[in-house]
Amino acid sequence: MKAADWFAGSGGAPRGFTKVGQEPLVLVLERGGRKIGLVFFAAPPAVENSPPALIENIFSQAIKAGKKIKPSVGLLIGVSPWGQRLEDDFLARGNGLFDILLGGGDGIGFPAYVRKEAPQLLWARSDINGRAVTVLDLFAWPEPLAPGAPASADWVEGVTFKSTQPVLSQSLPPDSEISPLLESLPDTAP
């Protein structure tokens, strides 16, 4: 079931929910005097049955949106609905643009880690069944690279970041910031 269908049957989307259309959605947030860029990638109508040209176009759109805001932000995060296979294809290109990729869709969930093909990028995927939540703590901002410089390995687990994926259960203590958000959602899904 897609999120839009679930929200439609549950009285509507929560406040602040934004649906991504056929082009990436770009947001810039400021936290602690520094800017964070978010690029929500557009999804193909059907990942498994999409022609290669459509997938290439969606990849190009994500890269173009990221390149547009990268010079003005200290951290660039891509948010993908593509599924693990397409995310893997995208990352194998090692374009060095995004600092973090938060993946979603088909595939397995895992905490953030550094790929050897893209040492400047953290990749984390949500649990497709909603049984766990990915927690990513950043202890440092990535260092900007000089034009033409080789990619550096900014992310070092335990030094510049920590990531876990705790299973959601009664033993997980409530979070004071997340609890009010969850309490505002409908009690049951259709």
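Quick caveat: nothing in here was measured; it's all calculated off a predicted structure.
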**Q** Restricting to side chain to side chain contact (heavy atoms under 4.5 Å, CB included), what partner residues turn up for Asp127, sequence neighbours left out?
**A** Asn129, Arg131, Ala132

**Q** In the structure I gave you, are the side-chain heavy atoms of Pro51 and Leu54 within less than 4.5 Å of one another anywhere?
**A** yes

**Q** Please lay out, stage by stage, how Tyr113 and Phe161 fare under the test ring pair (Phe, Tyr, Trp, His ring centres under 6.0 Å).
**A** CA-CA 9 Å; Tyr113 80 101; Phe161 80 97; 9.4 Å; no

**Q** Going by an N to O cut-off under 4.0 Å, is there a salt bridge joining Glu87 and Arg125?
**A** yes

**Q** Test: side chain to side chain donor-acceptor pair (under 3.5 Å). Region: residues 64-75. Which pairs qualify, not counting sequence neighbours?
**A** Lys70-Asp99

**Q** Looking at every heavy atom in both Leu76 and Leu97, which two are closest together, and how far apart are they?
**A** CD2-O, 3.7 Å

**Q** Checking Trp123 side chain against Leu101 main chain: does a donor-acceptor pair fall under 3.5 Å?
**A** no

**Q** Looking at Phe59 versus Trp82, is the centre-to-centre ring distance below 6.0 Å?
**A** yes

**Q** Please report the shortest heavy-atom distance between Ile58 and Ala42, naming the atom on each side.
**A** CG2-O, 3.3 Å

**Q** With a 4.5 Å heavy-atom cut-off, do Gln84 and Asp106 have their side chains touching?
**A** no

**Q** When you measure from the side chain of Ser163 to the backbone of Ala112, do you find a donor-acceptor pair of N or O atoms at a distance under 3.5 Å?
**A** yes

**Q** Taking all atoms of both residues into account, what is the closest heavy-atom pair of Ala65 and Val26, and its distance?
**A** CB-CG2, 3.8 Å

**Q** Is it true that a side-chain atom of Arg34 and a backbone atom of Gly74 form a donor plus acceptor pair closer than 3.5 Å?
**A** no

**Q** Might you work through the side chain to side chain contact (heavy atoms under 4.5 Å, CB included) test for Ile36 and Arg31, ending with a clear yes or no?
**A** CA-CA 7 Å; Ile36 301 168; Arg31 296 292 184 268; 4.0 Å; yes

**Q** Side-chain contact, heavy-atom cut-off 4.5 Å: Phe41 with Leu25?
**A** no

**Q** Taking all non-hydrogen atoms of both residues, which atom of Lys35 and which atom of Trp141 are closest, and how far apart?
**A** O-CZ3, 3.7 Å

**Q** Can you establish whether the number of heavy atoms outside Glu56 located under 6.0 Å from its atom CD is more than 12?
**A** yes

**Q** Measure up the Phe98 and Phe90 rings against each other and bin them: parallel (under 30°), tilted (30 to 60°), perpendicular (over 60°).
**A** tilted

**Q** In this structure, would Ile108 and Leu86 fall into the same cluster of hydrophobic residues linked by side-chain contacts under 4.5 Å?
**A** yes

**Q** With side-chain contact (heavy atoms from CB on, under 4.5 Å) as the test, pick out the partner of Val114 among Thr160, Leu121, Leu122.
**A** Leu122

**Q** Checking Gln165 now: which residues fulfil side chain to side chain donor-acceptor pair (under 3.5 Å) with it, not counting sequence neighbours?
**A** Thr134

**Q** So do the side chains of Phe40 and Pro24 get within less than 4.5 Å of each other, counting heavy atoms only?
**A** no

**Q** Would you check if the side chain of Thr164 reaches a backbone N or O of Pro166 as a donor-acceptor pair within less than 3.5 Å?
**A** no

**Q** Mind checking the CG-CG spacing from Leu38 to Leu27? Nearest 0.5 Å is all I need.
**A** 6.0 Å

